[in-house]
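One structure is given here, and the rest of the page talks about it.
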Amino acid sequence: MARLSAFAQFLVLAILAAALFGAVHDQISYTVSHEYFTKFKFHQFGLLDPAVPERVRAAIVGVLASWWMGIPVGILCGAASFIQRTGSAMRRALYQTLPVVLGFALLFALAGLVYGFFQTSTFNLANYPGWFVPTGLENPRRFICAGYMHNSAYIGGALGIPVAWLFNIWFRLREA
């Protein structure tokens with residue numbers, strides 16, 4: 001019963017952490033390209049009220065776009081913790097798993113941003129035919145770089161799941 005309780009608590013914590021990650025992530029990407037939000041994300045999420053500051057709306061976009069990643073991350077990373085020998089070891093592993101996965105996702109997102117800057121060093125908008133790029137951008141290169149960062153964050157979150165499994169194996173071996 002203690003294991004199921006720890007798992008359920010971790011799932012809720014993972015959802016909250018994913019939402020917070022999204023809010024912080026979008027503050028960084030807003031700094032890279034405010035137009036990514038003003039000309040794309042605010043419209044996509046229906047956050048067009050100019051009375052709400054753009055940074056606040058960017059954080060809201062991050063929460064709305066990311067909270068759901070906490071469900072697969074919580075379930076799959078939480079499942080990995082069942083290999084621990086005891087309920088207390090499981091709980092310790094879970095609380096250490098979340099920063100590992102979030103840190104990995106953030107590093108992956110930032111690596112995507114850096115990759116985007118290198119990819120666009122000789123910028124040609126024609127190289128992005130499948131990307132949504134609104135007309136009239138002041139800085140289309142930064143818009144594309146923010147897109148690289150966002151795509152990489154989702155990939156990093158997904159790849160963070162096997163990282164969590166490896167972490168749990170390492171944690172169990174360390175506890176032995």
Side-chain angles (χ1 to χ4, degrees), residues 8-78 94-95 97-161 163-164:
Q9 289 172 10
F10 179 74
L11 181 56
V12 171
L13 188 60
I15 293 168
L16 294 172
L20 181 61
F21 175 90
V24 171
H25 172 276
D26 281 10
Q27 292 304 304
I28 298 168
S29 59
Y30 180 90
T31 301
V32 172
S33 173
H34 69 279
E35 290 179 301
Y36 191 77
F37 292 87
T38 59
K39 302 210 177 197
F40 177 35
K41 289 295 182 181
F42 293 162
H43 294 276
Q44 183 183 33
F45 284 89
L47 296 170
L48 302 173
D49 183 359
V52 179
E54 288 182 0
R55 286 273 184 187
V56 172
R57 287 187 279 159
I60 294 169
V61 166
V63 169
L64 295 175
S66 299
W67 72 267
W68 64 271
M69 271 300 279
I71 297 171
V73 167
I75 291 170
L76 297 171
C77 294
L94 285 172
Y95 288 127
T97 298
L98 204 50
V100 168
V101 173
L102 292 174
F104 184 84
L106 181 59
L107 287 175
F108 213 85
L110 294 174
L113 176 61
V114 169
Y115 177 76
F117 273 111
F118 281 115
Q119 280 294 109
T120 60
S121 61
T122 55
F123 184 70
N124 182 357
L125 196 54
N127 292 337
Y128 299 92
W131 290 51
F132 171 75
V133 182
T135 57
L137 292 173
E138 294 172 21
N139 198 327
R141 179 181 182 210
R142 287 181 159 271
F143 184 94
I144 294 292
C145 289
Y148 272 108
M149 183 181 178
H150 280 251
N151 293 342
S152 297
Y154 286 112
I155 295 168
L159 292 177
I161 293 167
V163 168

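- Expressed to the nearest 0.5 Å, how far CG of L48 lies from OG1 of T38 amounts to 10.5 Å.
- For V56, the side-chain contact (heavy atoms from CB on, under 4.5 Å) test picks out V52, P53, I60, with sequence neighbours left out.
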Show, in sequence, the C-alpha distance, side-chain angles and deciding distance for T31 and R55, and conclude whether the side-chain contact (heavy atoms from CB on, under 4.5 Å) test is met. CA-CA 9 Å; T31 301; R55 286 273 184 187; 3.0 Å; yes
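- Not counting sequence neighbours, the partners of Q44 by the side chain to side chain donor-acceptor pair (under 3.5 Å) test are K41.
- Residues passing the side-chain contact (heavy atoms from CB on, under 4.5 Å) test with F123, sequence neighbours excluded: T120, L125, Y128, P140, R141, I144.
- Put simply, the side chain of Y36 does not reach to within 4.5 Å of the side chain of M149, judged on heavy atoms.
- Distance check: L11 CG to I15 CD1 gives 4.5 Å after rounding to the nearest 0.5 Å.
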If you look only at distance, which donor and acceptor atoms sit under 3.5 Å apart when one is on a side chain in residues 63-78 and the other is two or more places apart or in another chain?
from, atom 1, to, atom 2, distance (Å)
S66, OG, G62, O, 3.1
W68, NE1, A65, O, 2.7

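- Shown here are the side-chain contact (heavy atoms from CB on, under 4.5 Å) partners of V114, two or more places apart in sequence or in another chain: F118.
- The heavy-atom pair separating A17 from L98 by the smallest distance is CB-CD2, 3.7 Å.
- Looking at heavy atoms from C-beta onward, L106 lies in side-chain contact with I28 at the 4.5 angstrom threshold.
- Atom OG1 of residue T97 and atom CG of residue L13 lie 11.0 Å apart, to the nearest 0.5 angstrom.
- Paired with Y30 under the rule ring pair (Phe, Tyr, Trp, His ring centres under 6.0 Å), one option of F42, F37, F143 passes, and it is F37.
- Considering all non-hydrogen atoms of both residues, D26 and H150 come closest at OD1-CE1, 3.0 Å.
- Contact record, V32 with C145: CG1-CB, 4.3 Å, taken as the closest heavy-atom pair.
- Distance CG/L113 to CG/N151: 12.0 Å, rounded to 0.5 Å.
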Step by step, would you call R142 with E35 a side-chain contact (heavy atoms from CB on, under 4.5 Å)? CA-CA 8 Å; R142 287 181 159 271; E35 290 179 301; over 6 Å; no
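- Remark: A153 pairs with F21, H25, A109 by the side-chain contact (heavy atoms from CB on, under 4.5 Å) rule, at least two apart or across chains.
- Checked by atom type and distance alone, the side chain of Q27 never pairs as donor or acceptor with a backbone atom of A58 at under 3.5 Å.
- Here F40 and W131 keep their ring centres 6.0 angstrom or further from each other.
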